[in-house]
Amino acid sequence: MKNFYLTTPIYYVNDKPHIGHAYTTILADVIARFHRNAGDKVLFLTGLDEHGQKVQQAAKDRNIKPKEHCDDMAPSFLDLWEKLHINYDDFIRTTEKRHETVVKNILQKVYDSGDIYEDVYEGLYSVSEERFITDKEAESGEFRDIKKLKEKNYFFKMSNYQERLIDYIKSNPKFIQPEHRKNEVLGFLNQPLADLCISRPKTRLNWGIDLPFDSSYVTYVWFDALINYITAPGFNANNKKFDSYWPADYHLIGKDILTTHAVYWPTMLMSAELPLPKNIFAHGWWLSGESKMSKSLGNVVDPLDLIEEYGVDPVRYYLMREMVLGQDASFTLESFIKCYNSDLANDFGNLLSRVTNLLKKFFDSRIPLGEDQSIRGKAIKDGGIYAIERVWKLIYDMRVNEAIEEILKYIRSVNKYMEDMAPWKLVKTDINKAGEVLYNASEALRISSNLLKPIMPKRTLSVLKTLNAEKSNLEWGELNSGNKIKEHNQLFPRIDLKKNEKKLIQSQEKESDLVNVITFKEFLDIELKTGKVISAEKVDGAKKLLKLQVQVGSKERQIISGIAEYYSPDDLLGNLIVVVTNLKPAKIFGEESYGMLLAAKKGKDLKLITIDSDKVSSGMQIY
Ligand code: MSP
């Protein structure tokens, strides 16, 4: 028996969990279940990252304490893990005392070894992004609230460990996986490594863990978050447990946090004189169709909706099956339904119903006596034994999608065997032979279900229960002849693609909405200002038009607007409205118009956007 320790990233507590978070956690759960089945003592850790500016701000907006805010948010992750049947061994929250103690301990250790120094940094700072940015970034127009900032902070001498890290990566080829990610990190380490800013003054951020050597600062983000991986197995608290699990076997992460895990974390551990994790595995991203999933694009896939509609196991199966090792994968409802129908309804579900129907009809619902020793029968037995070995090897290499493909290949070969042997015909001429064929097919079904168990724990359990083999092992020949099989529901009813078309269309509509997306810079190109209506009159001969004089700051401008059906001139006088001030002037009904008013319109209703003039004066810029 061996100890096996694997982790997911700890997720930002402020976020709503989506399919990307669900993927990593299911992947870890699947790997953990395989290892438990193989007899390993597993520590599977997941948790929440709860400090930082965003949490502090969100709590402030809600007028509550940050910890209270975290406590309110945490259940959305915990509930999802429960619904997804995630069997973690430890769930860590960075606001726990056990974590704070370890973070302080490591910071002190690194400080004492001379790897932390103070420095003043002066540069451009984006308030919205909470970080210093380069001049080039500032010019890109993608950052808001930029100001010059001069600040004293603490820095970790990451550069001290650059050479050692390069040597380590080169001499431990499995340390960073897959291979192309390792090369990415080595490429990054080709450049001189900058030191890492690890603090924030409390005047700016106080929702964090105090630096043990300067309590006017808190430690910033990564130094806090990464250390969770050693807190959980008991660093400095339970040495026996810690030594039996650390170094971790696997840190599972997404590709976006590769540098922090493959550069920051190992150098921190080197400085603290702790061994490095054995493997860091970076998977790709789930895209929504072809686009990146993001809240602002409104295309985030919510795993709860999917579970509710199609069940947990099919969702787990699809996510594991569809993402190829280390590459991005594209989520669409259509590919989900196609995968479900072909693998689960047609192949796996069909094998179960064929076998159980025949056993019921011709063998009094009992497992028949004897194995099929024919060449075809033996091929099914050998195929099962081979699949067990091969699947485990693939899982060991983190090639979960290939392992699933291997199982499916086996299931398809059993369906083919059934067609070739046609036991429903054989029963008429050679009932014993038909029984032997069905024994092999039932045994193959049991092996396949056991192999799929870590991926679909619930539904495979109902197959194993049907066969009276819940506790059976992954070895050929464990089904007991004479045992009665049980009734079962249809395991994977087909999903009608047509009936789901409406949902498909809705999701496509969401994507096509994105055609209108503009960049932040383009948005800034539109100049919006407040303006006060100082006179308004009808335009002669034009039923729909009003001629307005609008005061924008110190200047007056004339605007012709098609609002006469909705407002009389008197209604408008004195109102503070929103004007597009850099629109190309136009001649409307012979009158010059310098700008446009903003209004909300639906059907026959139109309302001008007006602003409370007590708080805002005319000529103010609107963002
Ligand atoms: N809190 C940090 C991690 C600290 S670990 C010491 C963090 N959190 S996160 O919630 O933003 O992201 C957690 C994980 O979700 C990352 O591994 C990230 O790659 C993953 N995913 C977020 N969106 C994703 C997809 N669309 N697809 C797949 N995984 C993605 O980063």
Side-chain angles (χ1 to χ4, degrees), residues 6-28 45-55 70 73-74 76-77 80-81 84 86 90-95 99 102-103 106 129-131 177 181 184 196 198 208-209 219-232 248 250-266 268-269 277 280-303 306 315 318-320 322-332 400-401:
L6 92 159
T7 66
T8 72
I10 47 170
Y11 304 103
Y12 289 126
V13 72
N14 236 11
D15 291 348
K16 184 169 180 282
H18 61 63
I19 206 90
H21 305 128
Y23 170 76
T24 325
T25 318
I26 297 170
L27 178 63
L45 171 73
T46 187
L48 294 175
D49 197 348
E50 302 196 332
H51 288 126
Q53 195 79 43
K54 288 201 171 118
V55 173
C70 295
M73 301 299 283
S76 68
F77 283 89
L80 179 62
W81 302 154
L84 283 169
I86 304 296
D90 195 353
F91 188 89
I92 190 164
R93 296 177 57 184
T94 50
T95 45
H99 182 61
V102 176
V103 170
I106 295 289
E129 286 296 307
E130 302 165 32
R131 69 172 174 94
Q177 295 178 50
R181 299 283 172 221
E184 229 172 74
L196 187 67
I198 59 155
I209 297 174
T219 184
Y220 184 61
V221 183
W222 288 101
F223 230 88
D224 172 351
L226 288 159
I227 288 174
N228 92 86
Y229 298 137
I230 58 170
T231 303
Y250 271 100
H251 287 322
L252 297 181
I253 56 165
K255 62 179 184 182
D256 54 317
I257 51 176
L258 181 63
T259 311
T260 52
H261 281 75
V263 179
Y264 298 8
W265 183 221
M268 285 163 62
L269 288 165
I280 296 167
F281 186 93
H283 61 71
W285 274 57
W286 276 95
L287 307 175
S288 197
E290 300 298 315
S291 344
K292 192 174 162 189
M293 255 183 229
S294 90
K295 246 192 302 188
S296 53
L297 296 182
N299 62 354
V300 175
V301 179
D302 184 344
L306 281 177
V315 173
Y318 171 78
L319 292 178
M320 293 301 103
E322 203 62 19
M323 185 174 270
V324 177
L325 172 99
Q327 294 175 17
D328 288 346
S330 147
F331 181 94
T332 64
V400 180
N401 68 307

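One-based numbering, in listed order, for ligands and for the atoms of each.
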Report each N/O pair between ligand 1 and the protein that falls under 3.5 Å, naming both atoms.
{"from": "ligand 1", "atom 1": "1 (N)", "to": "I10", "atom 2": "O", "distance (Å)": "2.8"}
{"from": "ligand 1", "atom 1": "1 (N)", "to": "D49", "atom 2": "OD2", "distance (Å)": "2.7"}
{"from": "ligand 1", "atom 1": "10 (O)", "to": "Y12", "atom 2": "N", "distance (Å)": "3.2"}
{"from": "ligand 1", "atom 1": "17 (O)", "to": "G254", "atom 2": "N", "distance (Å)": "2.9"}
{"from": "ligand 1", "atom 1": "19 (O)", "to": "D256", "atom 2": "OD1", "distance (Å)": "2.4"}
{"from": "ligand 1", "atom 1": "26 (N)", "to": "W286", "atom 2": "O", "distance (Å)": "3.1"}
{"from": "ligand 1", "atom 1": "27 (N)", "to": "W286", "atom 2": "N", "distance (Å)": "2.8"}

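In this structure, T7 contributes its side chain and Y229 its backbone to no donor-acceptor pair below 3.5 Å. Judged purely by atom type and a 3.5 angstrom limit, N228 has no side-chain atom pairing as donor or acceptor with the backbone of R93. With H99 contributing its side chain and D224 its backbone, the two residues share a donor-acceptor pair below 3.5 Å. A donor-acceptor pair is defined here as one N or O able to donate and one able to accept, closer than 3.5 Å; such a pair exists between the side chain of D328 and the backbone of W285.
With sequence neighbours excluded, the residues satisfying side-chain hydrogen bond (donor to acceptor under 3.5 Å, both in side chains) with Y318 are S335.
Here CD1 of I106 is found 8.0 Å from CZ of F223. Values are rounded to the nearest 0.5 Å.
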